[in-house]
Amino acid sequence: MNPRLDALHPYPFEKLRALLASAGTPPDGLAPINLSIGEPKHAAPERVAQAIRDGMAGLSVYPSTKGDPALRRAISAWLARRYSIPAPDAETQVLPALGSREALFAFTQTVIDPSAGAVVVCPNPFYQIYEGATLLAGGTPYYVNADAARNFGCDWNQVPEDIWRKTRLVFVCSPGNPAGNVMSLEEWKTLFQLSDRHGFVIASDECYSEIYLDEGNPPLGGLQAARRLGRDDYRNLVAFSSLSKRSNVPGLRSGFVAGDAALIGRFLLYRTYHGSAMSPIVTAGSIAAWTDEEHVKENRRMYREKFDAVLPILRDVLNVDRPQASFYLWAGTSGPDTAFVRDLYGRTGVTVLPGSFLARDAHGVNPGENRVRLALVAPLAECVQAAERIAHFVKTSV
């Protein structure tokens with residue numbers, strides 16, 4: 001067996017199940033409400049479903065690893081519209097993927113030389129795929145703790161020079177999971193300068209890019225930041241995106257990578273053997289999704305409605321504020337996050353995720369401690385009811 005498997009940590013939801021097993025049974029009459037997992041619950045667009053039904057003939061065709069040219073062109077055109085940049089070359093700078101999770105993992109295997117003592121830098125808290133992909137590629141993770149004073153962003157200048165010299169890959173997540181923070185152009189400039197100095201690749205996870213709360217102020221993307229800073233070739237930068245959150249189709253498993261043509265070319269070579277070609281049926285649904293924005297605007301409207309309804313209830317009892325983007329609340333608790341989550345479930349039937357489960361102990365602290373993540377994915381009425389139960393729980397626990 002691969003000995004690197006033994007280095008993997010339990011997934012956050014595995015730890016959550018074990019924690020809740022000690023919580024006891026919630027009171028009768030309280031229907032459970034799960035706000036722990038970021039699984040979109042809004043209805044999938046009918047246009048996507050119809051495209052899939054119309055594309056069933058694709059079952060009889062082997063798909064191309066590089067992806068259907070029509071899909072690559074649709075993604076390129078979407079990137080141009082969304083970020084006000086010239087359309088990336090659909091032949092060399094865009095590659096469909098089976099969701100951003102699959103692509104993030106596989107890209108890490110492509111970039112890391114396991115014999116070189118490679119370091120991979122990632123934010124802390126983080127999406128656990130960053131860490132698992134690093135460990136299985138033979139790399140060593142280095143965690144940059146989120147800083148509440150920087151809106152839970154990372155201070156890249158705090159990374160020691162000897163770490164940067166060994167770094168081969170940096171993961172960024174903007175908008176961030178769990179805090180919904182968005183990297184500024186100045187932060188991108190700093191990271192690009194460090195990349196130029198040390199030669200590392202930047203993997204920009206942007207799967208929450210379309211869930212933003214100010215309709216007139218969409219989050220800055222990595223490719224967009226690169227163009228603004230004169231990096232027209234996107235050197236050492238690859239952006240990852242997905243339809244899961246944008247279009248409420250997590251089961252479609254569809255996304256893309258885009259950026260540096262040299263990196264995309266090597267990634268395509270890896271994927272030729274990895275076996276991750278997108279089905280023509282998924283391709284049909286994906287084209288339908290990327291070529292329509294109306295369902296995405298409605299999606300954002302529904303999330304804004306939830307934040308507007310829930311935040312006035314929770315602000316009285318938790319340290320919580322409106323994020324820049326994503327559908328998460330990153331709320332501070334007055335005591336240990338694990339005890340809060342356990343007791344909240346046992347007394348109210350509401351499930352949220354301990355912040356410490358999303359982070360690692362690094363530089364003397366776990367930056368997720370005494371925080372919980374709430375995913376506002378349930379219907380509006382359930383989100384409001386959950387907030388009311390949480391508020392009552394906190395007030396009666398003091």
What are the two closest non-hydrogen atoms of Tyr208 and Ser326, and how far apart are they? CD2-CB, 4.0 Å

For side chain to side chain donor-acceptor pair (under 3.5 Å), just list the numbers for Asp147 and Gln158, CA-CA rounded to whole Å, side-chain angles, deciding distance to a tenth of an Å, and then say yes or no. CA-CA 11 Å; Asp147 183 354; Gln158 293 300 311; over 6 Å; no

Looking only at heavy atoms, the pair that brings Arg304 and Tyr212 closest together is NH1-O, 4.0 Å

Please lay out, stage by stage, how Thr134 and Phe171 fare under the test side chain to side chain contact (heavy atoms under 4.5 Å, CB included). CA-CA 10 Å; Thr134 298; Phe171 284 109; 4.0 Å; yes

Hydrogens and angles aside, do Asn236 and Arg231 bring a side-chain donor and acceptor to less than 3.5 Å of each other? no

Step-by-step side chain to side chain donor-acceptor pair (under 3.5 Å) determination, Arg246 to Ser241: CA-CA 9 Å; Arg246 174 190 181 272; Ser241 193; over 6 Å; no

Presence of salt bridge, Glu210 and Arg82, under 4.0 angstrom: yes

Give me the ring orientation class for Trp164 and His198: parallel if the planes are under 30° apart, tilted from 30 to 60°, perpendicular past 60°. parallel

Would you call Arg300 and Glu215 a salt bridge, using N to O less than 4.0 angstrom? yes

By salt bridge (Lys or Arg N to Asp or Glu O under 4.0 Å), which residues pair with Asp232, not counting sequence neighbours? Arg227

Between Thr338 and Leu19 the two heavy atoms that sit nearest each other are O-CD2, 3.6 Å

Is Arg17 salt-bridged to Glu14, going by a charged N under 4.0 Å from an acidic O? no

Residue that, paired with Leu95, satisfies side-chain contact (heavy atoms from CB on, under 4.5 Å) out of Thr65, Leu268, Leu263: Leu268

May I have all residue pairs that pass salt bridge (charged side-chain N to carboxylate O under 4.0 Å, His left out) and include part of residues 350-367, sequence neighbours excluded? Glu131-Arg360

Go through the steps for Ser184 and Glu186 under the test side chain to side chain donor-acceptor pair (under 3.5 Å), then give the verdict. CA-CA 5 Å; Ser184 68; Glu186 194 60 33; over 6 Å; no

Evaluate the criterion side chain to side chain contact (heavy atoms under 4.5 Å, CB included) for residue pair His274 and Glu102; output intermediate values, then yes/no. CA-CA 11 Å; His274 184 220; Glu102 173 267 318; 3.7 Å; yes

Same apolar cluster: Val119 and Leu135, side chain cutoff 4.5 Å: no

Under 3.5 Å, is there a donor-acceptor pair linking the side chains of Asp337 and Ser356? yes

Determine the interplanar angle of the Tyr303 and Phe327 rings, folded into 0 to 90°, and report it as parallel if under 30°, tilted if 30 to 60°, perpendicular if over 60°. tilted

Pairs flagged by side-chain hydrogen bond (donor to acceptor under 3.5 Å, both in side chains) wherever residues 306-319 is involved - sequence neighbours left out: His42-Lys306, Asp308-Arg322, Arg315-Asp321

Minimum heavy-atom distance Leu380-Ala309, with the two atoms named: CD1-CB, 3.9 Å

